[in-house]
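Notes follow the structure.
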Amino acid sequence: MPLDQISAAKCFGGTQYVFRHAAAETGCDMRFAVYLPPAAERGPVPVVWFLSGLTCTEENFTVKAGAQRVAAERGLALIAPDTSPRGEGVPDDPDGAYDFGLGAGFYVDATREPWAKHYRMRSYIQRELPALVGRELPVDLARQGIMGHSMGGHGALTIALRNPGRFASVSAFAPIVSPMHCPWGQKALSGYLGPDRSTWREYDACALIEAGARLPNLLVDQGTADGFLATQLKPELLEAACDKAKMPLTLRRQEGYDHSYFFISSFIADHLRWHAERLG
């Protein structure tokens, strides 16, 4: 069977699932969570992808964000993939660092060994998983939105910018907007891709906008009490890039909020309504 159902739970009239499948791109079993709203019983529904941040799995968003109630009300499917390949034979950071290796796939296709065989999260998220979901689940891939948090915000922005027209709506919570200019990103991109910084640009939202990529709209929430704000996230770089490109950006600086899921759960309803309005 293409999908192995791990769990299913009734939730706000819909069902919260977790599935596992053998992924060709990553060469290992991958898990992902799917919330199907009540409307999915009547036919395919729009889908919003959520890409999680460092150290996370599909479970963090599913359990902590509190997204299912609004998704049920607005008829949205929510899909939350894992953040990296896992399993026997999948390499990890030799020092056990949290910001590289397992849980830190950075949504790139690695080109350096030993990462190149399994760390192909770009192709997995862009191609393999959507094709599988479109075949097996009642979702309408003609109506897609994407959002993410931190490293996953970076993933959502770069995937949307590289695939013009695929996503009708894009949003992010505290995204890493320019991995080329922060320690997390520099470590990940050099480790997975090598020292040639020209190869990093397709994984940097600000560089993609500078090169001409555009989104029809973008919503970003950033907590002002986020401990990673100044060193890793740097939303002012995205603000400047969008301003120069005249690309619409709604950047909301939320006073006193940090980087946690308390922050995400406080504003997830706003984001889902943003997506619903644009997905129809």
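The model shown is predicted, which means the values in this text are computed figures rather than measured ones.
Looking at every heavy atom in both residues, Thr62 comes nearest to Ala80 through OG1-CB, 4.3 Å. Smallest separation of non-hydrogen atoms from Gly13 and Glu41: O-OE2, 4.3 Å. When every heavy atom of Cys242 is checked against every heavy atom of Ile209, the shortest pair comes out as SG-CD1, 4.0 Å. Minimum interatomic distance between Ala156 and Gly148 (heavy atoms only, all atoms of both residues): CB-N, 3.9 Å. Heavy-atom minimum distance, Ala110 versus Leu193: CA-CD2, 4.3 Å. Contact record, Leu132 with Pro2: CD1-CB, 3.9 Å, taken as the closest heavy-atom pair.
Residues Thr57 and Arg31 have side chains not in contact (no heavy-atom distance under 4.5 Å, counting atoms from C-beta outward). Side-chain contact between Cys28 and Glu88: absent, with no pair of heavy atoms (C-beta onward) separated by less than 4.5 Å. At least one side-chain heavy atom of Phe32 sits under 4.5 Å from a side-chain heavy atom of Leu3. Between Leu78 and Leu272, some side-chain heavy-atom pair lies under the 4.5 Å cut-off. When side chains are defined from C-beta on, Glu136 does not count as touching Phe19, because their heavy atoms never get closer than 4.5 Å. Tyr107 is not listed as a side-chain neighbour of Gln126, based on a closest heavy-atom distance of 4.5 Å or more. By the 4.5 Å heavy-atom criterion applied to side chains, Leu129 and Pro81 are counted as neighbours. Leu54 is not listed as a side-chain neighbour of Phe228, based on a closest heavy-atom distance of 4.5 Å or more.
Using a 30° and 60° split on the angle between ring planes, Tyr119 and Trp115 fall in the perpendicular class, above 60°.
For Tyr35 and Phe12, the ring centers are positioned 6.0 Å apart or more. Annotation: Phe61 is not in aromatic contact with His149 [ring centroid separation under 6.0 Å not met]. You'll find the ring centres of Phe100 and Phe106 outside the 6.0 Å limit.
Hydrophobic clustering (ILVMFWY, side-chain heavy atoms < 4.5 Å, transitive): Leu219 and Leu279 are in distinct clusters. Ile79 and Val45 fall into different hydrophobic clusters, defined by Ile, Leu, Val, Met, Phe, Trp and Tyr side-chain heavy atoms under 4.5 Å apart, directly or through other members. In the hydrophobic clustering of ILVMFWY residues, with side-chain heavy atoms under 4.5 Å counting as a link, Leu141 and Leu36 come out together. Tracing side-chain contacts under 4.5 Å through hydrophobic residues (I, L, V, M, F, W, Y), one never reaches Val63 starting from Ile264; they form parts of separate clusters. Under a hydrophobic-cluster definition in which Ile, Leu, Val, Met, Phe, Trp and Tyr are linked whenever side-chain heavy atoms come within less than 4.5 Å, directly or via other members, Val220 and Val48 are assigned to different clusters.
Within 6.0 Å of the CD atom in Glu277, the count of heavy atoms belonging to other residues, nucleotides or ligands exceeds 12. Under a cut-off of 6.0 angstrom, the local environment of CZ in Phe262 is sparse, with at most 12 non-hydrogen atoms contributed by other residues, nucleotides or ligands. Within a 6.0 Å radius of CZ in Arg69, no more than 12 heavy atoms belonging to other residues, nucleotides or ligands are found.
Partners of His118 under the side-chain hydrogen bond (donor to acceptor under 3.5 Å, both in side chains) rule, at least two apart in sequence or in another chain, do not exist in this structure. Partners of Ser150 under the side-chain hydrogen bond (donor to acceptor under 3.5 Å, both in side chains) rule, at least two apart in sequence or in another chain, are His259. Residues passing the side-chain hydrogen bond (donor to acceptor under 3.5 Å, both in side chains) test with Asp99, sequence neighbours excluded: Lys187. Residues passing the side chain to side chain contact (heavy atoms under 4.5 Å, CB included) test with Ala160 are Ile146, Phe167, Val170, Leu215, sequence neighbours excluded.
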Exercise. Side chain to side chain contact (heavy atoms under 4.5 Å, CB included) between Leu233 and Asp226: does it pass, once the steps are laid out?
Worked result: CA-CA 9 Å; Leu233 307 176; Asp226 190 320; 3.3 Å; yes
For this session: For side chain to side chain contact (heavy atoms under 4.5 Å, CB included), just list the numbers for Val34 and Val139, CA-CA rounded to whole Å, side-chain angles, deciding distance to a tenth of an Å, and then say yes or no.
Result: CA-CA 10 Å; Val34 178; Val139 297; 5.7 Å; no
For this session: Determine, step by step, whether Thr111 and Thr199 satisfy the side chain to side chain contact (heavy atoms under 4.5 Å, CB included) criterion, reporting the C-alpha distance in whole Å, the side-chain angles of both residues, the deciding distance to 0.1 Å, and the verdict.
Result: CA-CA 10 Å; Thr111 56; Thr199 66; over 6 Å; no
For this session: Step by step, work out the side-chain hydrogen bond (donor to acceptor under 3.5 Å, both in side chains) result for Trp200 and Tyr192.
Result: CA-CA 10 Å; Trp200 300 6; Tyr192 292 132; over 6 Å; no
For this session: For side chain to side chain contact (heavy atoms under 4.5 Å, CB included), just list the numbers for Phe173 and Tyr261, CA-CA rounded to whole Å, side-chain angles, deciding distance to a tenth of an Å, and then say yes or no.
Result: CA-CA 10 Å; Phe173 296 91; Tyr261 269 84; over 6 Å; no
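Side-chain N or O atoms of Arg197 include one that pairs as donor or acceptor with a backbone N or O of Met180 at under 3.5 Å. The closest donor-acceptor contact from the side chain of Thr15 to the backbone of Ala9 lies at 3.5 Å or more, if one exists at all.
Within the model, atoms OG1 of Thr26 and CZ of Arg86 stand 11.0 Å from one another, a figure rounded to the nearest 0.5 Å. Put simply, OG on Ser265 and CD1 on Ile268 are 9.0 Å apart, with the number rounded to the nearest 0.5 Å. The distance from atom CZ of Arg74 to atom CH2 of Trp274, rounded to the nearest 0.5 Å, is 13.5 Å. Here the CD1-OG1 distance, from Ile125 to Thr83, works out to 9.5 Å after rounding to the nearest 0.5 Å. Remark: Gln254 CD to Gln222 CD distance equals 9.5 Å, nearest 0.5 Å. Atom CG of Leu157 sits about 9.5 Å away from atom CG of Leu208, to the nearest 0.5 Å.
Judged as a salt bridge (charged side-chain N to carboxylate O under 4.0 Å, His left out), the pairs with a partner in residues 112-130 (not counting sequence neighbours) are, in order, Glu25-Arg120, Glu25-Arg127, Asp109-Arg120, Arg122-Glu202. Counting only residues at least two apart or on different chains, the salt bridge (charged side-chain N to carboxylate O under 4.0 Å, His left out) pairs with a member in residues 243-262 are Asp221-Arg252, Glu239-Arg253, Arg252-Asp270.
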